[in-house]
Asker: 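Just dropping this structure here.
Here the structure is a predicted model, which means the values were calculated and not measured.
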Amino acid sequence: LPREPISLKLMLNHHNTVRILAVFFVLNGALAHAEQAGPFTYTVSNGEVTITDYDDPGEDHALHIPGAIEGNPVTAIGDAAFALSTFTSITIPSSVKRLGAFSFQGCIRYSTLFIPNSLESIGEGAFFENYGLQSLIFEDGDISLGSSVFVRCLGLVSVRLGQGMTEISAGMFANCK
């Protein structure tokens, strides 16, 4: 502990300032305004859309992720945005660059997934436990893949890797056929 009260006061003020800034950043992030377009909940940052949630209709349906919402390109799918959805087919538009962690976890009713070359990164466990997935096709291009992206895709029997893919982590397809 400091020996002079003024030093202690300065330390307390500095600590309080750091805490206030931390609270500001947490609140600022929490106050990001989410908007709704049909079944999609999204945020806009720097003119780019991130889909953060999906109001699944609870029946078999085709999922067509829009390339733009309100004139802004959809460039990211947030963490767990489509988790446990019941779609039977999926279309990821070429505007999407990033899929968040566990973004499609537990989606079990579709059988084929086409990964466009526009994707720059796929987060950890993005397609974890997609039991119905049988065929996976990567378009040519380099992509950063998080850990365990396709773990426990029990029906997966066919994978086509695109030219330009330079790295696949150990365990990427653990517990698949």
Side-chain angles (χ1 to χ4, degrees), residues 35 37-57 60-177:
E35 300 182 47
F40 305 103
T41 302
Y42 66 96
T43 59
V44 178
S45 178
N46 297 320
E48 295 184 343
V49 170
T50 297
I51 294 177
T52 57
D53 198 13
Y54 177 65
D55 186 16
D56 192 300
D60 292 346
H61 60 284
L63 173 61
H64 298 284
I65 297 171
I69 296 177
E70 300 291 327
N72 297 302
V74 174
T75 59
I77 305 300
D79 294 347
F82 292 94
L84 305 176
S85 293
T86 60
F87 55 84
T88 55
S89 66
I90 179 174
T91 303
I92 300 173
S94 61
S95 61
V96 174
K97 299 174 188 175
R98 292 172 304 286
L99 300 181
F102 302 99
S103 49
F104 294 93
Q105 175 191 2
C107 299
I108 61 172
R109 297 186 180 195
Y110 72 104
S111 61
T112 301
L113 178 62
F114 177 79
I115 304 289
N117 65 4
S118 61
L119 276 176
E120 297 170 359
S121 66
I122 299 178
E124 174 185 358
F127 297 96
F128 180 75
E129 294 185 337
N130 281 209
Y131 300 137
L133 180 60
Q134 297 173 9
S135 177
L136 174 62
I137 302 162
F138 283 89
E139 195 170 54
D140 292 347
D142 193 18
I143 187 169
S144 172
L145 299 170
S147 64
S148 308
V149 173
F150 298 99
V151 168
R152 296 192 63 180
C153 293
L154 303 178
L156 187 59
V157 293
S158 173
V159 177
R160 180 196 167 277
L161 301 176
Q163 291 183 356
M165 289 190 72
T166 57
E167 192 173 317
I168 295 178
S169 67
M172 179 71 56
F173 297 100
N175 298 316
C176 296
K177 281 188 178 178

Asker: Return the CG to CZ distance between D53 and F40, rounded to the nearest 0.5 Å.
Answerer: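 That separation rounds to 11.0 Å.
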Asker: Which of these, S111, C176, S135, sits in a side-chain contact (heavy atoms from CB on, under 4.5 Å) with L156?
Answerer: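 Testing L156 for a side-chain contact (heavy atoms from CB on, under 4.5 Å) against S111, C176, S135 leaves exactly one candidate, C176.
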Asker: Roughly how far, to the nearest 0.5 Å, is OG of S121 from CG of D142?
Answerer: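 Going from CG on D142 over to OG on S121, the span is 11.5 Å.
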Asker: Please find the pair of heavy atoms, one from E35 and one from V44, that lie closest to each other, and give the distance.
Answerer: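 For E35 versus V44, the nearest heavy atoms are OE2-CG2, 4.5 Å.
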Asker: Between CG of N175 and CZ of R152, what distance do you get to the nearest 0.5 Å?
Answerer: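 Rounded to the nearest 0.5 Å, the CG-CZ separation comes out at 6.5 Å.
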Asker: Any donor-acceptor pair under 3.5 Å linking the side chain of D79 with the backbone of A101?
Answerer: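 Checked: pair present.
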Asker: Sort out for me which residue in F104, F128, F127 forms a ring-ring contact (aromatic ring centres under 6.0 Å, His included) with F150.
Answerer: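 Of the listed residues F104, F128, F127, the ring-ring contact (aromatic ring centres under 6.0 Å, His included) partner of F150 is F127.
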Asker: Could you tell me whether the side chain of I115 reaches within less than 4.5 Å of the side chain of L136, counting heavy atoms only?
Answerer: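 Heavy-atom side-chain distance check passes, below 4.5 Å.
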Asker: Is the closest side-chain heavy-atom distance between I51 and F82 below 4.5 Å?
Answerer: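 Yes, side chains in contact.
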Asker: What closest approach, in Å, do I65 and I90 show between heavy atoms, and which atom pair accounts for it?
Answerer: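 Scanning both residues completely, I find the closest heavy atoms to be CD1-CD1, 4.5 Å.
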Asker: Measure the shortest side-chain to side-chain distance between M165 and I143 over non-hydrogen atoms and say whether it is less than 4.5 angstrom.
Answerer: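 With C-beta onward as the side chain, the pair touches.
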Asker: Any heavy-atom pair between the side chains of V74 and Y42 that's under 4.5 Å?
Answerer: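 Sidechains of V74 and Y42: no contact.
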Asker: Is D140 salt-bridged to R160, cutoff N-O under 4.0 Å?
Answerer: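 Yes, D140 and R160 are salt-bridged.
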Asker: Write down the atom of A126, the atom of I122, and the distance for their closest heavy-atom approach.
Answerer: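 In terms of heavy atoms, the two residues are closest at CB-CG2, 3.4 Å.
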Asker: Do the side chain of T41 and the main chain of Y54 share a donor and acceptor less than 3.5 angstrom apart?
Answerer: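 Such a contact is absent between T41 side chain and Y54 backbone.
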Asker: How long is the straight-line distance from OG of S148 back to CD of E129, given to the nearest 0.5 Å?
Answerer: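 Output value for this atom pair is 11.5 Å.
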Asker: Check the pair D56, T86 against side-chain hydrogen bond (donor to acceptor under 3.5 Å, both in side chains), reporting the backbone distance first and the verdict last.
Answerer: CA-CA 7 Å; D56 192 300; T86 60; 2.8 Å; yes
Asker: Between L113 and N130, is any pair of side-chain heavy atoms under 4.5 Å apart?
Answerer: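 Result no, sub-4.5 Å side-chain heavy-atom pair not found.
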Asker: Counting only N and O atoms by type, is there a donor-acceptor contact under 3.5 Å from the side chain of E139 to the main-chain atoms of P116?
Answerer: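 A pair under 3.5 Å: no.
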Asker: So which heavy atom on P66 is nearest to which on I69, and how close?
Answerer: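 That would be CG-CG1, 3.8 Å.
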Asker: Looking at K97 and E120, is any side-chain nitrogen of the basic one under 4.0 Å from a carboxylate oxygen of the acidic one?
Answerer: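 Salt bridge between E120 and K97, a charged N being under 4.0 Å from a carboxylate O: no.
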Asker: Can you give me the closest heavy-atom contact between G78 and S103, atom names plus distance?
Answerer: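 Smallest interatomic distance, heavy atoms only, reads O-CB, 3.5 Å.
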Asker: Nearest 0.5 Å, what's the SG-CD distance between C153 and Q134?
Answerer: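 Result: 11.5 Å between the selected atoms.
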Asker: Closest approach of S118 and P93, non-hydrogen atoms and distance?
Answerer: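 Scanning both residues, the minimum pair turns out to be OG-O, 3.9 Å.
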Asker: Under the side chain to side chain contact (heavy atoms under 4.5 Å, CB included) rule, what do F114 and I92 come out as? Steps first, then yes or no, please.
Answerer: CA-CA 8 Å; F114 177 79; I92 300 173; over 6 Å; no
